[in-house]
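Note that the numbering runs from 1 along the sequence shown for the chain.
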Amino acid sequence: MCSYFWASAVQTLSFSSRMHKAEAAKARPTEGREYPLQQWPRFLQLLHVFLACTIFVFPFLVTIVFWALLADGAFSNEYNTWKNISVHALNSVFALLEIFLSRIVPRWANIPILILVLGGYIGVAYITHATQGFYTYSFLDPSHGAGKLAGYIVGIPVAAIIILALVKGVCWIRDKLLAKGTPRPQEDEYHLREKGSNV
C-alpha cells in the first residue's frame, strides 16, 4: 500500500504544481492538466494500473484471511494488538478511503495478474517451509488434509475475484451517486487519455 500511496502522491503533487503554474500563466483550461503518468511508456502505465488494482483487492483479502484463519492470539498483548490492528485491519480502512476518494475503477483484465501474484505468494510460502522448516500460514500445511489445502488454494483466488467484483460495483455506485452533476471527462478508467493511451 505504501508504494501505491507514494506513487499517487507523486502524481498528485505534480498535477497540482502544473495546475498552479497554468493558472498563474492564465493558460487555456486544458493546459497544465497533465501528470507524469500520462507521458510514461505504456508498460509503466500498465504497471501503475495493476498496482492500483492490488490496492482494491489485496487489503480486503488479507483482512478476511487473517481474521478468519490466523487470528489466534491476535490480542494476546498490547504489541500484538497494535500490530494486528495496524497491519490486518487498517489496511482495509485505507483501501476504502482510496475507493471512495478517487475516481479509479479496477479492471477485469487484472484478474490473471492477481491470480499469478497469489500463486507466487503461495510458492514463496512453500519455499520458506523448504528452507526454514515452517509454514508462514498454517492453513498451507498439507498435513491438515489435501482436501482442505486444495480448498484454500482455490478459494483464496476465487475470493479475490469476488472482492474485485464487489469493489467494481461499489465504484459504479460511487460514480453514479457521489459524482452526480459533475460529468466525468471522456477518458478511460485510469485517466490516461493523453497521448493516445488506452490502458
**Report entry** Residues, nucleotides or ligands: over 12 heavy atoms within 6.0 Å of Trp108 CH2
**Finding:** yes

Query raised in the report: Are any of the side-chain heavy atoms of Phe134 and Thr128 separated by less than 4.5 Å?
Result: yes

Query raised in the report: Got a sec, which residues hit ring pair (Phe, Tyr, Trp, His ring centres under 6.0 Å) with Tyr152, two or more places apart in sequence or on another chain?
Result: Phe139

Query raised in the report: Taking a hydrophobic cluster as the set of Ile, Leu, Val, Met, Phe, Trp and Tyr residues connected by side-chain heavy atoms closer than 4.5 Å, whether directly or through intermediates, do Val87 and Ile85 fall within one such cluster?
Result: no

Query - Side chains of Glu98 and Tyr4 in contact at under 4.5 Å (non-hydrogen atoms) - result: yes

**Report entry** Stepwise side-chain contact (heavy atoms from CB on, under 4.5 Å) test for Leu70 and Ser138
**Finding:** CA-CA 8 Å; Leu70 303 169; Ser138 58; 3.9 Å; yes

Requested in this report: Group every Ile, Leu, Val, Met, Phe, Trp and Tyr by side-chain heavy-atom contacts under 4.5 Å, then state whether Leu166 and Phe100 land in the same group.
Outcome: no

Query - Qualifying residue for side-chain contact (heavy atoms from CB on, under 4.5 Å) with Phe58, from Thr63, Asn91, Val117 - result: Val117

**Report entry** Minimum-distance pair of heavy atoms, taken over all atoms of Asn84 and Ala74
**Finding:** ND2-O, 3.1 Å

Report task. Report yes or no: do Ile153 and Val124 belong to one cluster of Ile/Leu/Val/Met/Phe/Trp/Tyr joined by side chain heavy-atom distances under 4.5 Å? Result -> no

Query raised in the report: Between Phe94 and Phe5, how do the two ring planes meet: parallel, tilted or perpendicular, split at 30° and 60°?
Result: perpendicular

Query raised in the report: Out of curiosity, Leu51 CG to Phe56 CZ, how far, rounded to the nearest 0.5 Å?
Result: 10.5 Å

Requested in this report: Report yes or no: do Val65 and Ile162 belong to one cluster of Ile/Leu/Val/Met/Phe/Trp/Tyr joined by side chain heavy-atom distances under 4.5 Å?
Outcome: no

Report summary line: To the nearest 0.5 Å, atom OH of Tyr126 lies from atom CG of Leu140 at 4.5 Å

Report summary line: Output for pair (Ile163 CD1, Leu114 CG), nearest 0.5 Å, gives 10.0 Å

Query raised in the report: Considering only heavy atoms from C-beta outward, does the side chain of Tyr121 approach that of Tyr137 to under 4.5 Å?
Result: yes

Report task. Using the six-membered ring wherever Trp is involved, compare the ring planes of His48 and Trp40 and label them parallel, tilted or perpendicular (cut-offs 30° and 60°). Result -> perpendicular

Query raised in the report: Is the His88 ring parallel, tilted or perpendicular to the Trp67 ring (thresholds 30°, 60°)?
Result: perpendicular

Report task. Determine yes or no for a side-chain-to-main-chain donor-acceptor pair under 3.5 angstrom, with Lys168 supplying the side chain and Val105 the backbone. Result -> no

**Report entry** Separation between CD1 of Ile113 and CG of Leu46, rounded to the nearest 0.5 Å
**Finding:** 8.0 Å

Query raised in the report: Donor-acceptor pair, Ser17 side chain versus Leu13 backbone, under 3.5 Å?
Result: no

Report task. Quick one: pull up OG1 in Thr136 and CD1 in Ile122 and give me the separation to the nearest 0.5 Å. Result -> 10.0 Å

Requested in this report: May I ask you to decide if His144's main-chain N or O and Asp141's side chain share a donor-acceptor pair within less than 3.5 Å?
Outcome: no

Query raised in the report: Sequence neighbours excluded, which residues qualify as side chain to side chain contact (heavy atoms under 4.5 Å, CB included) partners of Ser14?
Result: Arg18, Pro36

Query raised in the report: Checking Arg174 side chain against Leu101 main chain: does a donor-acceptor pair fall under 3.5 Å?
Result: no

Report task. Report the C-alpha distance between Val57 and Val167 in whole Å, list the side-chain angles of each, state the deciding distance to 0.1 Å, and finish with yes or no for side-chain contact (heavy atoms from CB on, under 4.5 Å). Result -> CA-CA 8 Å; Val57 175; Val167 170; 5.8 Å; no

Query raised in the report: Is the count of non-hydrogen atoms from other residues, nucleotides or ligands lying under 6.0 Å from Glu78 atom CD greater than 12?
Result: no

Query - Same apolar cluster (I L V M F W Y, side chains within < 4.5 Å links), Phe66/Leu90 - result: yes

Report task. Examine distances only and state if a side-chain atom of Ser16 and a backbone atom of Thr12 form a donor-acceptor pair shorter than 3.5 Å. Result -> no

Query raised in the report: Roughly how far, to the nearest 0.5 Å, is the CD1 atom of Ile104 from the CD1 atom of Ile99?
Result: 10.5 Å

